[in-house]
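Only heavy atoms go into these numbers, but all of them, side chains included; no hydrogens, no water, no symmetry mates.
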Amino acid sequence: MIKKYLYRIVPPLLFLFFIVLVMNGFSLESIVREFYHPQIIESKIDSDFLRKVQKVNIYLPPKYNKDHKYPVLYLLHGKDSNEQSWFNGFLGINAAKIDQTADRLIKEQKINPLIIVSPMIDNSYGINTSTITKKIDDHDEGLYKDYIIKELIPYIDSEYCTIQDKSGRFIGGISMGGFAALHLAFVHNDHFSKVGGHSAAIRTDEKAGSGINWLFSNGNSREQIDPLYLSESLEKEDISVYLDHGTMDHDWLVEGNKALYMKLKERQIDVQYVTNLGGHDYKYWSSNTERYLLFYAGKRSDNAK
């Protein structure tokens, strides 16, 4: 009886929903894209460092071939987001949909096929802050850097066909995840050849925004944690860096990213600093995923543009 009722009511509801989308400016092509998602594997890692199970989403390129070695892009989410934020979503809500962009650019032969990995890192900034995993107010403490470097990366390299050196390993992140990516890449530049800070939560004043002074505890100094300070020890051959943010982003974030850019230029690091129209939101990030992928995996003719 219930099944019969559903068969009657669902089709007209879907049709009505389709009409609403069209009336709100969505094209048929964009609606189809909303329901299409490339191959995403939802996995879990039982972490010894964090003493809990962490989710991780993994994008595999079209025609993934176990006889081929692929570069890997690790993408870290922003505060209060999760392992899905770089990938799936509906109508652009809290999702960058970089998987769909990757499928298109691979098909157009603008980027090299790659694996994209987006782990859940909680509100941790990807830093080792405590030997005990715990949530305090709006942030999470634990051995998150060790989890990423010593558990996540080896897991991906063991389960998938990857290039297992820095030439084929990149890392990037949004906001908090951008801070984490820059921190990890600067500290472990033997692991990564490229890093992207996309609206990275870099600030000259540690109390700006939601504040990061809690990171500098348990024996950690700002000089050991903050990409602004870590950049001072980089050599020009170490890594390539991409920094970007929207023109309407937070003033403290704009100031912090400009300061980091100047420090990297002084060190003669290969760095790009890009601003585009937008704010600190997924509308901005999703509109820039093509630029991001061209930086990480673009074929030479496109990457040089």
Side-chain angles (χ1 to χ4, degrees), residues 73-79 81 119 121-129 139-141 143-149 153 166 169-246 249-275 280 285 292 295-296:
L73 170 58
Y74 291 86
L75 289 177
L76 308 180
H77 61 77
K79 187 179 178 184
S81 295
I121 63 167
D122 305 314
N123 288 340
S124 68
Y125 279 79
I127 310 296
N128 284 348
T129 46
H139 64 265
D140 295 271
E141 297 186 6
L143 297 175
Y144 283 89
K145 183 181 78 167
D146 286 347
Y147 162 66
I148 294 168
I149 298 296
I153 291 176
K166 70 175 287 180
R169 194 180 295 124
F170 326 124
I171 190 168
I174 288 172
S175 193
M176 176 198 77
F179 181 106
L182 291 163
H183 167 82
L184 291 164
F186 290 176
V187 172
H188 295 282
N189 54 64
D190 58 329
H191 279 60
F192 307 100
S193 58
K194 296 181 182 181
V195 59
H198 310 302
S199 308
I202 304 295
R203 65 264 279 170
T204 55
D205 179 1
E206 64 186 62
K207 296 179 182 178
S210 59
I212 55 171
N213 53 330
W214 63 272
L215 290 173
F216 316 129
S217 58
N218 298 324
N220 290 330
S221 68
R222 189 171 186 184
E223 289 73 19
Q224 295 172 306
I225 299 296
D226 197 324
L228 269 176
Y229 292 86
L230 292 171
S231 63
E232 296 171 1
S233 62
L234 290 175
E235 301 295 335
K236 64 179 181 180
E237 299 88 4
D238 284 343
I239 200 160
S240 295
V241 183
Y242 185 102
L243 302 174
D244 76 285
H245 59 74
D249 212 320
H250 308 298
D251 290 342
W252 58 265
L253 184 147
V254 173
E255 180 186 6
N257 276 262
K258 285 181 178 178
L260 177 57
Y261 172 70
M262 293 307 297
K263 286 193 174 190
L264 292 171
K265 288 293 287 183
E266 288 172 7
R267 301 292 301 173
Q268 297 184 307
I269 305 299
D270 176 23
V271 57
Q272 300 179 49
Y273 177 55
V274 181
T275 59
H280 196 82
W285 298 315
Y292 301 161
F295 165 70
Y296 293 117

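- Between the side chain of Asp244 and the backbone N or O of Gly196 there is no donor-acceptor pair closer than 3.5 Å.
- In this structure, OG1 on Thr129 lies 8.5 Å from CG on Asp140, to the nearest 0.5 angstrom.
- Rounded to the nearest 0.5 angstrom, Arg169 CZ and Ile153 CD1 are separated by 5.0 Å.
- Within the 4.5 Å cutoff, no side-chain heavy atoms of Tyr125 are placed close to those of Lys145.
- Annotation: the span from Met262 atom CE to Leu260 atom CG amounts to 11.0 Å, rounded to 0.5 Å.
- When all heavy atoms of Gly173 and Ala181 are compared, the pair lying nearest together is N-CB, 3.8 Å.
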Next on the checklist: Evaluate Leu182 against Leu230 for side chain to side chain contact (heavy atoms under 4.5 Å, CB included), listing each step before the verdict.
Outcome noted: CA-CA 9 Å; Leu182 291 163; Leu230 292 171; over 6 Å; no
Next on the checklist: Show, in sequence, the C-alpha distance, side-chain angles and deciding distance for Ile127 and Trp214, and conclude whether the side chain to side chain contact (heavy atoms under 4.5 Å, CB included) test is met.
Outcome noted: CA-CA 11 Å; Ile127 310 296; Trp214 63 272; over 6 Å; no
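- Of all the heavy atoms in Gly256 and Leu228, the pair that sits closest is O-CD2, 4.0 Å.
- Considering CD1 of Ile171 and OH of Tyr296, their distance stands at 8.5 Å, rounded to 0.5 Å.
- The aromatic rings of Tyr292 and His198 lie parallel to each other, with less than 30° between the two planes, well short of the 60° mark.
- Nearest approach of Ser240 to Asp270, heavy atoms of both residues: OG-OD2, 2.8 Å.
- Rounding to the nearest 0.5 angstrom, the gap separating the CD1 atom in Ile269 from the OG atom in Ser231 is 8.5 Å.
- Here the closest heavy-atom approach between residue Ile121 and residue Ala180 is recorded as CD1-CB, 4.4 Å.
- Nearest heavy-atom pair across Ala201 and Met176 is CB-N, 4.0 Å.
- Identified under the side-chain hydrogen bond (donor to acceptor under 3.5 Å, both in side chains) test for residues 254-265, with sequence neighbours left out: Thr204-Glu255, Glu232-Lys263.
- Remark: Lys194 is positioned above the aromatic ring of Phe295, its terminal NZ or CZ atom under 6.0 angstrom from the ring centre and at most 45 degrees off the axis.
- A heavy-atom distance below 4.5 Å is found between the side chains of Phe179 and Ile202.
- Looking at every heavy atom in both residues, Leu75 comes nearest to Pro119 through O-CD, 3.4 Å.
- Side-chain contact annotation: Asn123 with His139, donor-acceptor N/O pair under 3.5 Å absent.
- Taking the side chain as every heavy atom from C-beta outward, Tyr144 and Asp122 approach each other to under 4.5 Å.
- At most 12 heavy atoms of other shown residues, nucleotides or ligands fall within 6.0 angstrom of atom CG in Asp251.
- Side-chain atoms of Ser175 never come within 3.5 Å of backbone atoms of Gly177 as a donor-acceptor pair (strictly under, hydrogens ignored).
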Next on the checklist: Using the rule given for side chain to side chain contact (heavy atoms under 4.5 Å, CB included), can you reason through Glu235 versus Gln268, listing the C-alpha separation, both sets of side-chain angles and the distance that settles it, and then say yes or no?
Outcome noted: CA-CA 8 Å; Glu235 301 295 335; Gln268 297 184 307; over 6 Å; no
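- Between Leu76 and Leu184, some side-chain heavy-atom pair lies under the 4.5 Å cut-off.
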Item to check | Worked verdict on Thr275 versus His245 for side chain to side chain contact (heavy atoms under 4.5 Å, CB included) | outcome: CA-CA 5 Å; Thr275 59; His245 59 74; 3.5 Å; yes
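- Atom CD1 of residue Ile148 and atom CG of residue Asn128 lie 9.0 Å apart, to the nearest 0.5 angstrom.
- For the pair Asp205 (side chain) and Trp252 (backbone), a donor-acceptor distance under 3.5 Å is absent.
- Side-chain contact between Phe216 and Gln224: absent, with no pair of heavy atoms (C-beta onward) separated by less than 4.5 Å.
- Ring-plane geometry between His188 and His191 is classed as perpendicular, the angle between the planes exceeding 60 degrees on a 0 to 90 degree scale with a lower cut at 30.
- Taking the six-membered ring for Trp and the full ring otherwise, the centers of Tyr229 and His183 sit at least 6.0 Å from each other.
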